[in-house]
Trainee: 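I am attaching a structure below and will ask some questions about it afterwards.
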Amino acid sequence: MAKEYNFKDIESRWKEYWVKNKVYKVEVDPTRPKFYVLDMFPYPSGAGLHVGHPLGYIASDIYSRFKRLNGFNVLHPMGYDSYGLPAEQYAIQTGQHPAVTTDKNIARYREQLDKIGFCYDWDREVRTCDPGYYKWTQWAFIRMFESYYCNRARRAMPIADLEAHFDRCGTADLDVACSAELSFTADEWKAMDTHTRRETLMNYRIAYLGNTMVNWCPELGTVLANDEVVDGVSVRGGFPVVQKVMRQWCLRVSAYAQRLLDGLDGLDWTDSLKETQRNWIGRSEGAEMQFRIKGSDEAITIFTTRADTIFGVTFMVLAPESEWVGRLTTPECRAEVEAYLEATRKRTERERMADRRVTGVFSGAYAINPLTGEPIPIWISDYVLAGYGTGAIMAVPAHDSRDYAFARAFNLPIIPLIEGCDVSEQSYDAKEGHVINSCGNGLDLNGLDVKDAIARTKQFVESRGIGRVKVNYRLRDAIFSRQRYWGEPFPVYYKDGDPYMLDESQLPLLLPEVDKFLPTETGEPPLGRAKGWQTPEGHPLELNTMPGFAGSSAYYLRYMDPHNDRALVSAEADAYWQNVDIYVGGTEHATGHLIYSRFWNKFLFDIGVSATEEPFKKLINQGMIQGRSNFVYRIKDTNTFVSLGLKDQYDVTPIHVDVNIVSADILDIEAFRAWRPDYADAEFILEDGKYICGWAVEKMSKSMFNVVNPDMIVDRYGADTLRMYEMFLGPIDQSKPWDTNGIDGVHKFLRRTYRLFHDAEGNLAAADTPATTEQLKALHRGIRKITDDIERFAFNTCISRFMIMLGELSDLKCNSREVLEPFTVLLAPFAPHIAEELWHELGHDTSVCDAKWPACDKSLLVEDTVNYPVSFNGKTRFMIALPAGMQPKQIEEAALAHENSAKYIDGKTVRKVIVVPGKIINIVVA
RNA sequence: GCCCGAAUGGUGGAAUCGGUAGACACGCGGGACUUAAAAUCCCGUGGCCUUACAGCUGUGCGGGUUCAAGUCCCGCUUCGGGUACCA
């Protein structure tokens, strides 16, 4: 009996070998170049991994192994983002401590990951809920509290420097990021008491306590960051969210807006992801202008990108939350305004979105147009957002569609400002055309192009002191408090109502035990239940915990030096590993984690902890693997199921059926009867004796019964087959449904590979005989293609090439070591288990992981001159193929040697030359 | 609404810089081996016409540039993703 490819035996043997010999252990090694390949670490959910999760992990594993074979010292770690809401929600329901379920889930994840044969250095594992880890999350927070952002230096500075500045000259000559523009003298500063000083400094700290409009989710009992809310409901759980002002810890991410924007240019990320971040940061250049209030010395400041439209302002609008509302509303209007504010407050985000009716109310007050001197009514409406710009706008209904809708609804005048525009039906929003109706008070824009008019107006208002040029960003500061249990405790205590940071020597501040994971009776967060939650001096500790993104914002740095208890990362490790060369993960983190960690890293860079300003040089977004659900069709009010082709003849209800009892859309009827008690006596209407199921592509999830577990695939086909098949499915960045049909193809490839290396008796067939030229050509075509394709993350075409190469070598009956050894090394990143087996069978006693990636001998790849003729103008040209890297001189010689050759024309950038009889025009370089 | 991306056989997909479209795999059809099945191997497989040789046609639709277009340009259609009263 011939010995066949026994993947179970092979895979278990070499997994054990890798662990025993610490093959994947990595250390700093200045004699070798470093390479850092990182996966986005998972949140260990209770559902375990499905076949979609490992897609990115397999890709990064292949790349890591490839880089290692090419002589790089590769850091490829893994860990867990283990704080978060689901574990806590589960704890509330079951009473089980989140630490217990988290540990259990991690153990399950580890078991599943281990089956697939990844080359992680598990000695470097991190968990965000581990005190040794979150000590540094707390530490970074303290440093942010003790820093402010200097706009001139474009970096974070110690808050003590700012205090010194206040001592010297108050707020004079200050250009720093802040929550509100304050103005005081050095004497005033010195006269302040401790409390007032601390309140003042809070306005500048990078981590600060601020009253901000937050997304409050009553169901979850916590606030959420902007990226944690989608379509007005929470990402976790899908609960409604309302806007509310609360005093919360915030991070001054907005201070870094410009650097976050600029930094994108140097990154090797996809254009679409960079674009998403650019939109999220939302830089817009415009002007701030002051509108004096009629009968008062005060002025409202507004922000506009269309300064040129100042002559078309027919009203102003304040956000309902604007502080001006209370001060401006006249007694006659007060009742109506109060009613409006009350109604707006009650609406959830979702209701605001679903219902886009134009609403608003007149405040009774007027402002004065700084150019025309005319009074303009001030309205209040929720289409103006408190959080953007100044929370007040000048409305130009002729040239802004939202202002237009409002003017139409409340019968306000509309003044067109662009020559020839028609505003009878809708506004004219385009920034094109020549300006009209715009002259007064020393400014004449008439006849100018819109773009010139904007520039002229900005210059004018600045010179007259009516306003100033201003850049606004959509990016908001991150709200950093969560009223939850399962997160990092803040290293903060309160004295006389003011927050103070713990001393670094007191870190980590451990998460305390509580009797229940719910808010207290008085509405305080769960930490309010912790006994003795205070400092040794008896000061109360902060009751909020940090959000999910806190722990994931600097984990890539911690992997460099995970056991260091004196620093987040040692200077030595940081200087060597620098930053992540390849980061693999999903696009869903584009506006969350990938913004926060860039911010966090820039801050650490500013304080000298991180060696580079950008954490992730190149980013690969793997697509999602969707589920392919199957359906059976039950005839209404019966227990009879009708096959897909006949279902239209009946009144049927489609029902999800477990994909694991369906094969090639044919239902296993017995398994179906056994699946659920209700179906035990189910009847079937078949076609051709079979029950055909319907199908649909949906998210892979338990409730759709379409989850395919990788363990099952590994069991049936082996890890190498799973790895290769996942890569073979298509380009790594594309989303696609999982379809187990087709996996036989790659499994067959591995069996045939095994057969190539062995004779009929199962003995190694490799011999020391020299390879033929044909065999070497087949090998080197493979080397070139696979090397190129790995570098561009085109793993699907690598697998195809392996199949072609194997076919060629089998046809050529190749058994030469000269070919089989490099072939094994090529295979090692993709199918490490079988490669390790073959490598050792070939007589090596070290791991194939430490082999050397074969170099391509290009001289073997020169094509035999003529590819094919092309006809042009009655003459025939020939495409000839030449090896890459030839000098112009050599190309000329080669072309002249061709029977239809002649002169060569392009002297420098030779890529392609067609050979015409008597003249070379184009040469294809192979 | 705005911003990005995609569209190729029955299916997943290949074609890297504009150079023989459909590699590779699945599925399907035929055959060999076998008592039979599994496994393995061989042949065929975009469409139309043809006994065959050959020919024509063909990369969502309509134009254009080029000796040459799946690939570049202009205008659409459909699908996917991001974002949305951001002034």
Side-chain angles (χ1 to χ4, degrees), chain A residues 2 4 226-227 230-231 270-284 286-287 302-307 309 316-317 319 352-353 356 358 381-385 387-396 399-403 405-406 429 472-476 587-588 590-591 621 623-624 664 724-725 728-731 733-749 751-752 755 785 788-789 791-792 794 796-807 810 867-877 879 881 909 911-912 914 916 921-922 924-925:
Chain A
E4 270 290 335
N226 282 346
D227 68 283
V230 171
D231 296 332
T270 62
D271 289 339
S272 77
L273 188 63
K274 286 198 213 177
E275 201 54 31
T276 301
Q277 287 214 342
R278 284 194 190 101
N279 291 340
W280 188 260
I281 295 165
R283 178 188 160 99
S284 72
I302 58 94
F303 175 77
T304 180
T305 53
R306 292 293 302 274
T309 58
M316 292 183 75
V317 186
R352 276 205 197 192
M353 279 182 206
R356 285 285 175 88
V358 179
S381 172
D382 66 359
Y383 86 86
V384 172
L385 303 177
Y388 184 77
T390 60
I393 62 154
M394 63 178 211
V396 186
H399 303 293
D400 182 286
S401 51
R402 296 152 303 181
D403 298 346
F406 194 82
D429 292 13
N472 246 325
Y473 299 91
R474 205 190 76 114
L475 185 71
R476 311 292 166 78
T587 31
E588 67 271 21
T591 54
N621 288 122
M624 268 206 304
M724 291 191 93
Y725 185 58
F728 187 66
L729 276 174
D733 55 354
Q734 221 163 78
S735 289
K736 54 233 151 187
W738 175 265
D739 186 2
T740 309
N741 300 326
I743 198 167
D744 282 336
V746 288
H747 191 61
K748 209 186 287 179
F749 162 78
R751 280 205 304 264
R752 290 174 58 193
R755 244 181 282 141
K785 176 80 177 158
D788 288 357
D789 285 357
E791 281 295 2
R792 63 189 185 102
N796 53 331
T797 53
C798 290
I799 313 289
S800 295
R801 175 52 60 169
F802 272 117
M803 292 175 177
I804 296 168
M805 210 185 349
L806 178 69
S810 300
N867 280 2
Y868 57 92
V870 267
S871 185
F872 164 48
N873 284 358
K875 295 178 187 170
T876 303
R877 299 168 176 220
M879 310 288 291
T909 57
R911 295 207 61 83
K912 287 176 183 165
I914 293 181
V916 193
I921 296 180
N922 218 339
V924 177
V925 178

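Throughout, protein chains are lettered first and strands after them, A, B, ... in sequence-line order, and every chain is numbered starting at 1. Below, all heavy atoms of this structure are taken into account, side chains as well, without hydrogens, waters or symmetry copies.
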Trainee: Can you check the A/Asp788 CG to B/rA15 P distance for me, whole Å?
Mentor: 12 Å
Trainee: What residues form a salt bridge (charged side-chain N to carboxylate O under 4.0 Å, His left out) with A/Arg278, not counting sequence neighbours?
Mentor: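 With neighbours one apart ignored, the set is A/Asp265, A/Glu275.
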Trainee: Would the base of B/rU11 count as contacting A/Lys736 through its side chain, where contact means a donor and an acceptor less than 3.5 Å apart?
Mentor: no
Trainee: What form does the base of B/rG9 take, syn (within 90° of 0) or anti?
Mentor: syn
Trainee: Only one of A/Ile302, A/Ile393, A/Asp382 clears side-chain contact (heavy atoms from CB on, under 4.5 Å) with A/Val317; which?
Mentor: A/Ile393
Trainee: Could you pull out all residues at least two apart from A/Glu791 that satisfy salt bridge (charged side-chain N to carboxylate O under 4.0 Å, His left out)?
Mentor: A/Lys67
Trainee: Can you measure A/Asp789 atom CG to B/rA14 atom P for me and round it to whole angstrom units?
Mentor: 11 Å
Trainee: Measuring to OP1 and OP2 of B/rA87, would you say a side-chain N or O of A/Ser284 lies under 4.0 angstrom away?
Mentor: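 For B/rA87, OP1 or OP2 has a side-chain N or O of A/Ser284 closer than 4.0 Å.
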Trainee: Using the 3.5 Å cut-off, write out each protein N or O paired with an N or O of nucleotides 2-9 of chain B and the distance between them.
Mentor:
none

Trainee: Rounding to an integer number of angstrom, what distance separates B/rA15 and B/rG70 when you compare their C1' atoms?
Mentor: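 The same atom, C1', in both gives a distance of 9 Å.
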Trainee: Any idea how A/Phe406 and A/Tyr383 line up, ring-wise: parallel (<30°), tilted (30 to 60°), or perpendicular (>60°)?
Mentor: tilted
Trainee: Report yes if at least one side-chain N or O of A/Thr591 is closer than 4.0 Å to OP1 or OP2 of B/rU83; otherwise report no.
Mentor: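 Indeed, a polar side-chain atom of A/Thr591 lies that close.
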Trainee: Take N1-N3 plus N6-O4 or O6-N4 for Watson-Crick, N1-O2 plus O6-N3 for G-U, both under 3.5 Å. Which runs of 3 or more such pairs involve RNA chain B?
Mentor: B:1-7 with B:77-83, B:10-12 with B:24-26, B:27-32 with B:40-45, B:46-48 with B:55-57, B:60-64 with B:72-76
Trainee: I need the OH-P distance between A/Tyr388 and B/rC85, as an integer number of Å.
Mentor: 12 Å
Trainee: Whole-Å distance between B/rA39 C1' and A/Phe749 CZ?
Mentor: 19 Å
Trainee: Among B/rU16, B/rG13, B/rA87, find the nucleotide with the atom closest to the side chain of A/Arg792.
Mentor: B/rU16
Trainee: Can you give one letter per nucleotide of nucleotides 23-32 of chain B, 5' to 3': B if a protein heavy atom sits under 4.0 Å from the base, S if only from the sugar-phosphate, - if neither?
Mentor: BBSS------
Trainee: Looking at B/rG13, B/rA87, B/rC41, which one has an atom nearest to any side-chain atom of A/Arg755?
Mentor: B/rC41
Trainee: Apply salt bridge (charged side-chain N to carboxylate O under 4.0 Å, His left out) to A/Arg306 and list each qualifying residue two or more places apart in sequence or on a separate chain.
Mentor: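 A/Arg306 satisfies salt bridge (charged side-chain N to carboxylate O under 4.0 Å, His left out) with A/Asp308 once adjacent residues are dropped.
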Trainee: Run through A/Val746, A/Asp789, A/Ile804 and flag the one making a side-chain contact (heavy atoms from CB on, under 4.5 Å) with A/Ile799.
Mentor: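 Of all the options given, the one that passes is A/Val746.
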Trainee: Among the nucleotides B/rC85, B/rA84, B/rA87, which one has an atom lying closest to any side-chain atom of A/Trp280?
Mentor: B/rA84
Trainee: With rounding to the nearest 0.5 Å, note down the distance linking OH in A/Tyr388 to CG in A/Asn472.
Mentor: 4.5 Å
Trainee: Provide, to the nearest angstrom, the distance between the CH2 atom belonging to A/Trp738 and the C1' atom belonging to B/rG13.
Mentor: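 Answer to the nearest Å: 16 Å.
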